[in-house]
Amino acid sequence: MGRRFLINLEGNFYSCKHCQTHFALDDDIISKSFHCRHGKAYLFDKVVNVTIGEKEERMMITGLHTVVDIFCVVCGSIVGWKYEVADEKTQKYKEGKFILERYKVLGPDGSLYMAAHEAHAALSDADDV
């Protein structure tokens, strides 16, 4: 395996809760109204220091989407997913965007999100964007 080059972000950023690798700037959040199995999830325009998994189709509350899971490039933890294709016309804005599951990342202030009581049984997306 080759040498790993990490991008270090400046300012308020979200990072891996396991190894503190930087992922995304607070300024790049598009929406905080998304949900996943473990509670809140945020939609980002840009994410760094991740690798992607295999494409798969997932049925979500807002319809069928083709997504790839995203993993921390350092420790390999799954931290969210990237929208590749949205079948519904009204969901096309998600294509190429990233979801970071709040439960799996540290907030800009280094805080963990621990709201298991808000968890949903099925994957979902935005209720209201």
Side-chain angles (χ1 to χ4, degrees):
M1 187 169 177
R3 186 177 182 153
R4 214 176 302 158
F5 291 94
L6 297 176
I7 296 172
N8 288 313
L9 301 172
E10 292 186 24
N12 294 324
F13 57 84
Y14 290 82
S15 59
C16 181
K17 78 173 186 179
H18 299 289
C19 67
Q20 289 74 52
T21 298
H22 300 184
F23 289 140
L25 291 170
D26 191 48
D27 289 343
D28 289 328
I29 291 177
I30 296 169
S31 174
K32 290 185 176 184
S33 65
F34 282 65
H35 298 279
C36 63
R37 286 189 179 124
H38 300 287
K40 290 185 177 187
Y42 298 166
L43 183 68
F44 285 85
D45 189 38
K46 293 180 269 190
V47 172
V48 298
N49 300 323
V50 295
T51 57
I52 61 171
E54 297 292 319
K55 282 186 183 181
E56 63 179 83
E57 289 188 344
R58 290 188 192 153
M59 181 55 75
M60 299 185 182
I61 287 174
T62 56
L64 187 64
H65 296 78
T66 303
V67 299
V68 292
D69 286 330
I70 56 174
F71 303 87
C72 175
V73 74
V74 173
C75 71
S77 297
I78 184 168
V79 294
W81 65 88
K82 178 182 179 186
Y83 288 101
E84 295 288 327
V85 178
D87 285 358
E88 299 290 326
K89 192 176 186 179
T90 60
Q91 301 302 306
K92 292 290 187 187
Y93 74 94
K94 295 177 186 173
E95 292 181 348
K97 306 296 189 273
F98 299 85
I99 287 287
L100 287 179
E101 297 183 47
R102 190 58 185 90
Y103 175 77
K104 298 179 179 183
V105 298
L106 296 175
D109 61 357
S111 65
L112 269 174
Y113 174 73
M114 303 294 273
H117 64 277
E118 290 184 22
H120 295 272
L123 286 176
S124 67
D125 359 52
D127 295 329
D128 194 40
V129 177

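Please read all numbers here as calculations on a predicted model, not as lab measurements. For this chain, numbers begin at 1 and follow the sequence in order.
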Point to revise | Side chain proximity check, L43 to I99, heavy atoms < 4.5 angstrom | key: yes
Check your understanding: Quick one: salt bridge (Lys or Arg N to Asp or Glu O under 4.0 Å) pairs with a partner in residues 65-75, sequence neighbours left out?
Key -> R58-D69
Practice item. For the residue pair M59 and L64, establish whether any side-chain heavy-atom pair is separated by less than 4.5 Å. Key: yes
Practice item. Report yes or no: do V68 and V47 belong to one cluster of Ile/Leu/Val/Met/Phe/Trp/Tyr joined by side chain heavy-atom distances under 4.5 Å? Key: yes
Practice item. Start with the C-alpha gap between E57 and T66, add the side-chain angles, then the distance that decides, and say whether side chain to side chain contact (heavy atoms under 4.5 Å, CB included) holds. Key: CA-CA 4 Å; E57 289 188 344; T66 303; 3.8 Å; yes
Point to revise | Sequence neighbours excluded - salt bridge (Lys or Arg N to Asp or Glu O under 4.0 Å) pairs with any residue from residues 102-111 | key: E101-K104
Study note, to complete from the structure: Students should find that the hydrophobic cluster of F71, defined by side-chain heavy atoms under 4.5 Å apart, otherwise consists of I78
**Study point:** Counterpart residues, side chain to side chain donor-acceptor pair (under 3.5 Å), relative to K92 (two or more places apart)
**Key:** E95
Review point. Stepwise, does the side chain to side chain contact (heavy atoms under 4.5 Å, CB included) test hold for L100 with I70?
Key: CA-CA 9 Å; L100 287 179; I70 56 174; 3.9 Å; yes
Exercise for review: Consider only side-chain heavy atoms of I, L, V, M, F, W and Y, link residues closer than 4.5 Å, and tell whether Y93 and V67 are in one cluster.
Suggested key: yes
**Study point:** Aromatic plane relationship, Y42 with F44 - under 30° parallel, 30 to 60° tilted, over 60° perpendicular
**Key:** tilted
Check your understanding: I7 and F13: same hydrophobic cluster, using ILVMFWY side-chain contacts below 4.5 Å?
Key -> yes
Point to revise | Side-chain touch D45/K97, heavy atoms, less than 4.5 angstrom | key: yes
Check your understanding: With sequence neighbours excluded, what pairs up with E84 under the salt bridge (charged side-chain N to carboxylate O under 4.0 Å, His left out) test?
Key -> K82
Check your understanding: Short question: side chain of S77, backbone of V79 - any donor-acceptor pair under 3.5 Å?
Key -> no
Exercise for review: Could you check if a side-chain atom of M60 sits within less than 4.5 angstrom of a side-chain atom of F34, using non-hydrogen atoms only?
Suggested key: no
Study note, to complete from the structure: Residues at least two apart in sequence or cross-chain that pass salt bridge (charged side-chain N to carboxylate O under 4.0 Å, His left out) with K55, listed by chain then number, are none
Check your understanding: For the hydrophobic clusters of this structure (ILVMFWY residues joined by side-chain heavy atoms under 4.5 Å, transitively), does one cluster hold both I52 and V74?
Key -> no
Show the atom names and distances, to 0.1 Å, of all donor-acceptor pairs under 3.5 Å that link a side chain in residues 19-28 to residues at least two apart or in another chain.
residue: H22; atom: ND1; partner: L9; partner atom: N; Å: 2.8
residue: H22; atom: ND1; partner: L9; partner atom: O; Å: 3.4
residue: D26; atom: OD1; partner: Y14; partner atom: OH; Å: 3.4

Point to revise | Side-chain heavy-atom pair L6, V73 within 4.5 angstrom cut-off | key: yes
